[in-house]
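Note sheet for the following structure.
Quick note on labels: first sequence line is chain A, next is B, and so on, each numbered from 1. Keep in mind the model is a prediction, meaning the values are calculated, not measured.
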There are 2 protein chains.
Amino acid sequence: MDNDRDAACERFRTLGHPATRGRGEILRILAESPLPLSPREIRERIPNPKPDASTVYRNLTLMVSIGLVRSVALHERSRRYEAATDGAHRHRVVCRTCGRIESFQPKRCDLSRIENDIRGALGFDVTDHSLEFFGACAACGGKKVKR
Amino acid sequence: MDNDRDAACERFRTLGHPATRGRGEILRILAESPLPLSPREIRERIPNPKPDASTVYRNLTLMVSIGLVRSVALHERSRRYEAATDGAHRHRVVCRTCGRIESFQPKRCDLSRIENDIRGALGFDVTDHSLEFFGACAACGGKKVKR
DNA sequence: TTGCAAATGCAATATATTTGCAATCATGGA
DNA sequence: TCCATGATTGCAAATATATTGCATTTGCAA
């Protein structure tokens, strides 16, 4: 939807950053993807003319810093990114055999107790966390671990 | 300690893999480090003559596959690795401002309920998880977020 | 001690990410 | 609407990280 992209552009302006087509596309693509995407995957999905790869990287960095996007670390060579929709707190489930990534929304995710422990023990102010699960997906059953 | 390295070599032989000095050193270094290390850091700590970087990578891959080592994903450019000591279940706490990594052992880490939910919802057999916390360390206080 | 499979070093290659800089664009004000 | 200006972009080059092929060397069981 173009509306998604327009809304995305609006968010940029509000935050004091010029809205460009590339930025709108990136945000739209992330908003529409159920799974976190790598910079390469994001760029591939942008219709021509595609922005340069460096532009994609620069914008992802910016978007993370202003809170529009989050990065997800999944033990891969490349980082992945997802839209920072506040509502849906989701976790990733990664198959060690085939690499498939699924998304899971827990009934409740209460790590605040642990976060408080950390604050107490290390004086560390926790702002967010990252929780991923690994194993074998339904299709791969109990097959051998790949790595 | 050399004993650490010898013990490490023993573990390789038991698992049917020739024990080499490089392998022993890598495992020793990981066992002695309180924090997960990058391949580069590991190699830097091996006394001369150092194995080639490619050897370090190959061995880390092997060690992960036979369960001697785990990889840790911390939103960085490079992966990190830690010894897979079964007993101590630890989590990482990363400062977004200065990049400092600390280690934290929770009083209890009960994610088995969530793991069961995942098994039920996705037919996904969860074998392990990865949980990292991000925020501002004591030294950095409430300073600006870096990325 | 010897033979062989496995591991290593080295060099080349692939992939991911970052940076400098000139050209171009987006936005607010005239 | 047009313009000035600072921010963004494309491009090319530089870095960082990781992987691979192959000839040589090594670990280890017999």
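With pairs defined as Watson-Crick or G-U wobble and both atom distances under 3.5 Å, the stems of at least three pairs that touch DNA chain D come out as C:1-30 with D:1-30.
Proximity of a side-chain donor or acceptor of B/R43 to a complementary backbone N or O of B/P51 within less than 3.5 Å is detected. Side chain of A/R80 to backbone of A/P36: a donor-acceptor contact under 3.5 angstrom is found.
Side chains of B/E132 and B/V93 form no contact here, defined as non-hydrogen atoms less than 4.5 Å apart.
For the atom pair CZ (A/F133) and CG (B/L131), the distance works out to 8.0 Å, reported to the nearest 0.5 Å. The CE atom of A/M63 sits 12.5 Å away from the CZ atom of A/R58 when rounded to the nearest 0.5 Å.
A search for side-chain contact (heavy atoms from CB on, under 4.5 Å) contacts involving B/L15 returns B/H17, B/I66, B/L68, not counting sequence neighbours. For A/R100, the side-chain contact (heavy atoms from CB on, under 4.5 Å) partners are A/C95, A/C98, A/E102, A/C137, A/A139, not counting sequence neighbours. Taking B/L37 as the reference, B/I29, B/L30, B/S33, B/E41, B/I42, B/R45 meet the side-chain contact (heavy atoms from CB on, under 4.5 Å) condition, with sequence neighbours excluded.
D/dA16 atom P lies 15 Å from atom CZ of A/R77, rounded to whole Å. For the pair B/E41 CD and D/dA16 P, the interatomic distance rounds to 15 Å; values are reported in whole Å. Remark: P of D/dA18 and CD1 of B/I42 are 11 Å apart, rounded to the nearest angstrom. Rounding to whole angstrom units, CD of residue B/E76 and C1' of D/dA18 are separated by 16 Å. For the pair A/L60 CG and D/dT8 P, the interatomic distance rounds to 14 Å; values are reported in whole Å.
A salt bridge does not link B/D128 to B/R70: none of the charged nitrogens lies less than 4.0 Å from a carboxylate oxygen.
Side-chain nitrogen and oxygen atoms of B/S38 include none within less than 4.0 Å of the OP1 or OP2 phosphate oxygen of D/dT17. Side-chain nitrogen and oxygen atoms of A/Y57 include none within less than 4.0 Å of the OP1 or OP2 phosphate oxygen of C/dT18. For C/dA16, one of the phosphate oxygens OP1 or OP2 lies less than 4.0 angstrom from a side-chain nitrogen or oxygen of A/R40.
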Look for any protein N or O under 3.5 Å of an N or O in nucleotides 28-30 of chain C and output each such pair with its distance, or none.
none

In 5'-to-3' order, the base (B), backbone-only (S) or no-contact (-) status of each nucleotide in nucleotides 2-12 of chain C, using a 4.0 angstrom heavy-atom cut-off, is ----SSBBB--

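Taking the six-membered ring where the residue is Trp, A/F134 and A/H75 present perpendicular rings, their angle passing 60° and hence far from 30°.
The local environment of CZ in A/R40 is sparse, with at most 12 non-hydrogen atoms from other residues, nucleotides or ligands closer than 6.0 Å.
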